[in-house]
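The first residue in the sequence is number 1, and the count goes up from there.
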Amino acid sequence: MTVAVVLLATALLIVVALLAAAGAGKLARMDGATYPAALTRAAVTFAAVITLTATVASAIATLLT
C-alpha cells in the first residue's frame, strides 16, 4: 500500500512539473524568446518544481518523525 502511494505521488509530481514547464515554455515563446531560450526556461521551471517539492517533503518528513 505504501509503495503504491509513493508511486502515485511521484507520478503526480512529474505531471505537475511537466505542466508547469510546458506553460513556462509557451509563455516564453509568446513573449518572443527563441526556441533555445524557451526550452531553457522550461527546464529551469521543471527543476524548480522538483526541487521545491523535495524540500517541502523533507520538511514534512522531519516534522513527522
Enquirer: Which atom pairs, one a donor and one an acceptor, fall under 3.5 Å between side chains of residues 15-32 and the rest of the protein, sequence neighbours left out?
Expert:
unit_1, atom_1, unit_2, atom_2, d
R29, NH1, A33, O, 2.5

Enquirer: State the OG1-CZ distance between T51 and F46, to the nearest 0.5 angstrom.
Expert: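 Output value for this atom pair is 9.5 Å.
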Enquirer: I'd like to know if the side chain of T45 and the backbone of R41 have a donor-acceptor N/O pair within less than 3.5 Å.
Expert: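 Pair found, side chain donor or acceptor close to backbone of R41.
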Enquirer: Under a single-linkage rule joining Ile, Leu, Val, Met, Phe, Trp and Tyr whose side-chain heavy atoms are separated by less than 4.5 Å, which residues share a cluster with L52?
Expert: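 Reading the cluster by chain and number, L52 sits alongside V56, I60, L64.
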Enquirer: For T10, run the side chain to side chain contact (heavy atoms under 4.5 Å, CB included) check against L7, L8, L12, V6 and tell me which one passes.
Expert: V6
